[in-house]
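Working notes for the structure below.
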Amino acid sequence: MEAKAVVHERQRKPLFGKIDIRAYTMIGALVAIWIFFGFLNDTFLSARNLSNLFTQMSVTAILAIGMVLVIVAGHIDLSVGSIVGFTGGIAAILSNWMGLPTGLVIIGTLVAGALIGMLQGWLVAYRAIPAFIVTLGGMMIFRGALMGITKSTTIPISDPNFIALGSAYFTNSFGLILAVIAIGALVVATWKKRKSRQQYGFSVAPLSLDLLKVVAISALIVLFVFTMNSYKGIPFPIIFVIALALIFTFIATKTTFGRHVYAIGGNSEAARLSGINIQRHTMMLFVFTGLLSAIAALVLTARLSSATISAGQMYELDAVAACVIGGTSLMGGSGTIVGAIIGAMVMTSLDNGMSLLGMETFWQYIVKGSILILAVWMDIASRKKQTH
């Protein structure tokens with residue numbers, strides 16, 4: 001009986017990256033938002049605006065990818081926005097003031113982000129200071145450090161190779177090749193998943209349903225590529241988001257580290273008794289957020305062609321909101337990268353649409369804050385239903 005219960009639990013438990021009912025709801029909400037703004041403003045659904053929207057979304061999405069795992073483990077990082085600003089300032093100094101080539105600028109910025117994350121992770125994991133306090137302090141420290149190292153001035157970027165990281169586009173042929181590869185990978189992954197579940201005696205969805213999913217996702221991929229190609233091509237930052245999402249999905253699903261992170265968030269005491277090194281895993285999560293913040297800083301600084309003291313402000317709240325809207329529970333133990341990216345798209349679409357309509361900034365904050373509260377309310381309500 002116990003073995004059957006374990007099998008049943010494994011069948012019931014959703015896989016990381018699998019889009020559940022809540023994610024479908026978020027996709028529906030995203031479509032509704034696009035239809036709404038498209039109806040009110042003709043330019044919202046234009047290829048040019050959608051390309052700009054995806055580019056704007058990339059920074060929030062990159063931050064949300066790292067934030068998901070931190071929240072899943074039961075922590076939070078409020079410093080990512082300030083790290084974006086600080087490491088962006090470092091990148092501008094290395095490029096403009098020191099004249100280093102783009103490769104060295106990228107390496108130096110990534111190392112700075114990783115070291116910042118390691119320091120904060122060490123304080124949380126090994127000194128037992130709550131992550132909320134450490135990262136809240138970090139948010140102020142790194143914002144102040146940015147003002148100090150830049151002398152509160154805007155540092156322009158003139159290196160075209162660096163600027164290309166945030167503003168260049170891939171050719172149309174590359175987009176078509178990418179679409180073919182993505183659809184092929186989707187077909188192979190779906191087929192292998194079915195075979196694996198059948199091999200181990202798990203329930204398998206009807207073949208027609210899987211085919212419908214493959215066709216629907218393939219259609220979205222083709223639509224995305226053709227829409228981007230009708231403007232200038234696929235923006236560089238979107239490729240970074242896709243690559244990072246794949247890498248961290250692999251880390252979370254195919255490695256022991258990823259499974260341990262979910263175990264820690266689900267029940268830290270049980271994880272400790274199981275022999276999981278919670279301190280090491282916690283520190284590594286903050287290294288990831290620091291590294292991803294540095295990547296986001298490179299994209300943002302390149303897109304703006306400058307580093308400013310206001311860069312990254314409020315980005316930590318957008319990242320947290322993207323995760324929560326996408327289904328990540330603030331209680332820990334559950335969340336997906338796919339959901340976080342959907343959440344980032346929802347947040348960016350709201351910003352973009354309200355800006356096109358000429359709505360004042362205070363309305364944008366009110367709407368986004370209300371949606372965040374609604375998402376948390378839905379999470380708490382769904383958890384109460386599961387316990388009853």
Side-chain angles (χ1 to χ4, degrees), residues 59-71 73-94 97 108-155 279 282-301 304 306-324 328 330 344 347 351 361-362 364-366 368-369 372-373 376:
V59 174
T60 302
I62 291 170
L63 294 176
I65 288 171
M67 189 70 75
V68 165
L69 295 180
V70 170
I71 295 176
H75 300 288
I76 198 165
D77 191 339
L78 298 177
S79 66
V80 292
S82 294
I83 296 175
V84 167
F86 180 62
T87 53
I90 291 175
I93 289 172
L94 294 177
W97 293 357
T109 305
L110 295 181
V111 169
L115 289 175
I116 290 171
M118 183 179 295
L119 173 61
Q120 293 196 129
W122 178 78
L123 291 172
V124 173
Y126 291 97
R127 297 276 74 88
I129 305 174
F132 180 89
I133 298 300
V134 170
T135 59
L136 180 62
M139 179 175 69
M140 294 183 282
I141 290 170
F142 300 127
R143 184 64 57 184
L146 170 63
M147 295 177 181
I149 65 171
T150 62
K151 300 177 182 178
S152 296
T153 60
T154 297
I155 304 176
Q279 293 176 322
T282 299
M283 187 172 77
M284 199 63 202
L285 289 174
F286 282 92
V287 172
F288 285 153
T289 58
L291 187 61
L292 288 167
S293 297
I295 295 173
L298 289 169
V299 172
L300 180 63
T301 305
L304 299 178
S306 62
T308 66
I309 59 173
S310 63
Q313 281 187 344
M314 301 296 289
Y315 278 31
E316 55 278 334
L317 300 185
D318 282 344
V320 172
C323 294
V324 175
T328 303
L330 289 175
M347 296 292 290
D351 272 338
T361 304
F362 73 87
Q364 297 182 30
Y365 283 115
I366 290 172
K368 291 196 297 182
L372 175 59
I373 293 172
V376 175

Nearest heavy-atom approach of W122 to M283 is N-CG, 3.7 Å
Shortest non-hydrogen pair, A307 vs G89, comes out as CB-CA, 4.0 Å
The reported gap from CD1 in I309 to OG1 in T154 (rounded to nearest 0.5 angstrom) is 7.0 Å
Rounding to 0.5 Å, atoms CD1 (I116) and CG (L291) come to a distance of 11.0 Å
To the nearest 0.5 Å, atom CG of L330 lies from atom CG of L372 at 7.5 Å
Practice task
Show the numbers, then the answer: is there a side-chain hydrogen bond (donor to acceptor under 3.5 Å, both in side chains) between D77 and T289?
Solution key: CA-CA 8 Å; D77 191 339; T289 58; 3.0 Å; yes
Taking every heavy atom of T87 against every heavy atom of A297, the minimum-distance pair comes out as OG1-CB, 3.1 Å
Q. Is any side-chain heavy atom of L63 less than 4.5 Å from a side-chain heavy atom of L292?
A. no
- Determine, stepwise, if the pair I76 / E316 fulfils side-chain contact (heavy atoms from CB on, under 4.5 Å). CA-CA 10 Å; I76 198 165; E316 55 278 334; over 6 Å; no
*asked:* A quick test of your reading: do over 12 heavy atoms of other residues, nucleotides or ligands sit less than 6.0 Å from OH of Y365?
replied: no
Inset, instruction - Compare all side-chain heavy atoms of I149 with those of F86 and state whether any distance is below 4.5 angstrom. - result: yes
Value for CZ (F286) from OG1 (T135), rounded to nearest 0.5 Å, stands at 6.5 Å
Rounding to 0.5 Å, atoms CG (D318) and OG1 (T60) come to a distance of 5.0 Å
For Q120 and V134 the tightest heavy-atom approach is OE1-O, 3.7 Å
Exercise. Between I133 and L123, does a side-chain contact (heavy atoms from CB on, under 4.5 Å) hold up when you go through it step by step?
Worked result: CA-CA 10 Å; I133 298 300; L123 291 172; over 6 Å; no
Heavy-atom closest pair (V84 atom, G312 atom, distance to 0.1 Å) is CG1-CA, 4.2 Å
Output for pair (Y315 OH, I83 CD1), nearest 0.5 Å, gives 15.0 Å
Does any non-hydrogen side-chain atom of V320 lie less than 4.5 Å from one of V80? no
Would you say that R143 contacts L146 through its side chain, given a criterion of any heavy-atom pair below 4.5 Å between the two side chains? yes
Heavy-atom closest pair (L300 atom, A311 atom, distance to 0.1 Å) is CD2-CB, 4.2 Å
